[in-house]
*Asks:* 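Pasting a structure here, questions to come.
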Number of protein chains: 2
Amino acid sequence: MATPIHQRLREDVLASVFAPDEPLTEAKLTERYGASRTPVREALQRLEQDGLVERRGKAVVVRTHSAEEIIDIYESRIILEQAAAAKAAVKATALDRQLLMGLLTQMQQLDPGDGRALAETNRAFHAQLWRATHSPSLIGLLERLDQQVRRYTLTTLTYPGRWPVVLADYVDLLAAIGDGDSARAGEIAARHMSDALNIRLKMYAEDPRTL
Amino acid sequence: MATPIHQRLREDVLASVFAPDEPLTEAKLTERYGASRTPVREALQRLEQDGLVERRGKAVVVRTHSAEEIIDIYESRIILEQAAAAKAAVKATALDRQLLMGLLTQMQQLDPGDGRALAETNRAFHAQLWRATHSPSLIGLLERLDQQVRRYTLTTLTYPGRWPVVLADYVDLLAAIGDGDSARAGEIAARHMSDALNIRLKMYAEDPRTL
DNA sequence: TTGCACACCATTGTATACAATGGTGTGCAA
DNA sequence: TTGCACACCATTGTATACAATGGTGTGCAA
């Protein structure tokens with residue numbers, strides 16, 4: 001079975017294949033993905049519900065976010081990541097903790113200049129942390145929020161001096177989770193996300209085009 | 001313009017028009033809503049993404065939740081309602097507060113035996129509280145969670161002795177919001193939702209069929 | 001009776017014809 | 001040149017024909 005079209009379209013949108021104001025016409029997408037309009041329309045509808053594209057008049061375009069919207073999403077995410085870390089401290093299994101340790105070790109060996117690799121393993125780490133909550137609803141909410149700002153997240157990790165702090169935060173976080181210290185795990189996660197927001201704001205102040 | 005089909009289907013699903021294991025075949029729905037398969041399929045897909053229906057094999061059926069899943073959703077909701085109340089205390093405008101007061105007054109005049117009216121205004125109150133956060137992402141997350149358990153929420157409000165407590169909680173909550181006391185508003189909301197969960201658990205223990 | 005292979009057909013998945021619509025460019029008036 | 005009315009057509013919306021598929025019942029073997 002080939003990869004479903006909505007998934008391919010999703011990847012392309014997240015990889016910024018389409019320009020911000022470029023109309024995602026059904027004709028263009030049927031050609032690109034070699035399918036008829038029906039599955040293409042379904043894919044567009046799905047991504048619209050996920051908040052990745054939006055209807056602008058008749059056309060569908062990649063959804064962009066204002067600085068205010070991004071801040072808003074970050075603020076919600078701080079809350080959810082705090083809750084997730086706190087819950088993971090209580091619910092994580094030995095396997096969850098091992099997987100997290102493995103990912104952390106992997107991250108410590110990465111080239112801090114390779115933004116793509118940083119972003120990728122960082123996301124894997126977060127995803128595993130979410131799974132460690134064993135809470136389907138939390139996982140769903142976090143995935144939803146993450147997807148909406150994924151296109152923008154590469155940058156904070158490569159901000160000067162950020163990466164070592166990220167790694168140190170994760171070490172502390174795993175220690176707290178290992179101790180089953182829910183409150184501390186939550187605090188670390190909240191501060192971590194809050195730092196990420198502050199860096200984004202600083203970057204925005206330095207150059208508004210970075211979003 | 002007629003009401004879109006996905007909206008009508010959504011209302012019907014939430015109103016428990018369909019039995020838990022009844023297949024929502026496209027043929028049945030095209031007849032019911034007087035449209036062709038294309039819009040019906042779109043509606044089914046939307047509701048599937050919203051978590052209201054699910055594919056079981058080839059068929060689509062109304063999604064039901066196990067006790068564990070409902071508890072999980074409540075727990076996430078406690079977190080989000082706390083965050084929303086805290087944020088509303090900071091962000092609510094005079095208009096927001098007036099609308100909330102109006103809804104509360106309305107609720108105080110309802111017949112406590114009219115479960116449907118209770119559920120309806122209660123939802124309106126929550127929705128207005130969410131709006132008072134002026135946070136699109138929080139509102140979206142809360143709407144999503146609410147929808148998934150909406151079919152089950154009627155019952156806690158009519159549980160013996162519950163309604164007066166609900167009203168008292170809302171009075172306290174609005175007072176905290178009026179004072180701009182973010183922490184207290186959050187605490188009240190969290191305890192309120194946590195009480196609702198406990199009542200649901202008690203009901204479940206008394207009669208597992210109530211879900 | 002029980003278990004299984006298989007064929008049928010109800011149902012979903014995909015492609016596409018036709019209808020509806022809204023965005024854009026043309027041409028005319030001022 | 002500027003503003004506006006209007007017609008065209010690109011694009012989306014809807015209906016439906018045809019293809020694919022999986023669930024179910026039938027009949028046969030043991």
*Asks:* So, Glu26(A) and Lys28(A), do they make that salt bridge, N to O below 4.0 Å?
*Replies:*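 So Glu26(A) does not pair with Lys28(A) through a salt bridge.
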*Asks:* Should Asp195(B) and Arg191(B) count as an ion pair when the cut-off is N to O under 4.0 Å?
*Replies:*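 The answer is yes: the pair qualifies as a salt bridge.
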*Asks:* When we call it a touch if two heavy atoms are under 4.0 Å apart, what does Thr38(A) touch: a base, just sugar-phosphate, or nothing?
*Replies:*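 The residue Thr38(A) makes base contact.
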*Asks:* With the side chain of Ala35(A) defined as its heavy atoms from C-beta on, choose the nearest nucleotide among dA15(D), dT12(D), dA15(C).
*Replies:*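 Selected nucleotide (nearest to the side chain): dA15(C).
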*Asks:* Under 4.0 Å between a side-chain nitrogen and a carboxylate oxygen: does that hold for Asp96(B) and Arg131(B)?
*Replies:*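 Looking at Asp96(B) and Arg131(B), the cut-off is not met.
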*Asks:* Grab the CD-C1' distance between Glu26(A) and dT14(C) for me, whole Å please.
*Replies:*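 Those two atoms, CD and C1', are 14 Å apart.
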*Asks:* Residues from residues 40-51 of chain A sitting under 4.0 Å of DNA chain D, heavy atoms only?
*Replies:*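 Residues of residues 40-51 of chain A under 4.0 Å from DNA chain D: Arg41(A).
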*Asks:* Taking atom C1' of dA10(C) as reference, at what distance in whole Å does atom CG of Leu24(B) sit?
*Replies:*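 Leu24(B) atom CG is separated from dA10(C) atom C1' by 16 Å.
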*Asks:* If each of Arg55(B) and Lys58(A) is mapped to the nucleotide of DNA chain C with the nearest heavy atom, which maps nearer the 5' terminus, i.e. the 5' end?
*Replies:*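 The residue whose closest nucleotide sits nearer the 5' end is Arg55(B).
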*Asks:* Grab the CZ-C1' distance between Arg37(A) and dG13(C) for me, whole Å please.
*Replies:*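 It works out to 16 Å between those atoms.
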*Asks:* Are there runs of at least three consecutive Watson-Crick or G-U pairs touching DNA chain C, with each pair's two distances under 3.5 angstrom? Give them by first number.
*Replies:*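 Correct response: C:1-30 with D:1-30.
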*Asks:* Just how far, in rounded Å, is P of dA15(C) from OH of Tyr33(A)?
*Replies:*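 After rounding, the reported distance stands at 15 Å.
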*Asks:* Should we count CD of Glu120(B) as having more than 12 external heavy atoms under 6.0 Å?
*Replies:*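 It does not: Glu120(B) CD has 12 such atoms or fewer within range.
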*Asks:* Can you tell me if CD on Glu31(B) sees more than 12 non-hydrogen neighbours from other groups inside 6.0 Å?
*Replies:*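 For Glu31(B), atom CD is not crowded (no more than 12 foreign heavy atoms under 6.0 Å).
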*Asks:* Quick one: is Ser36(A) getting a side-chain N or O under 4.0 Å of the dT14(C) phosphate, OP1 or OP2?
*Replies:*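 Checking Ser36(A) against dT14(C): no side-chain N or O falls below 4.0 Å of OP1 or OP2.
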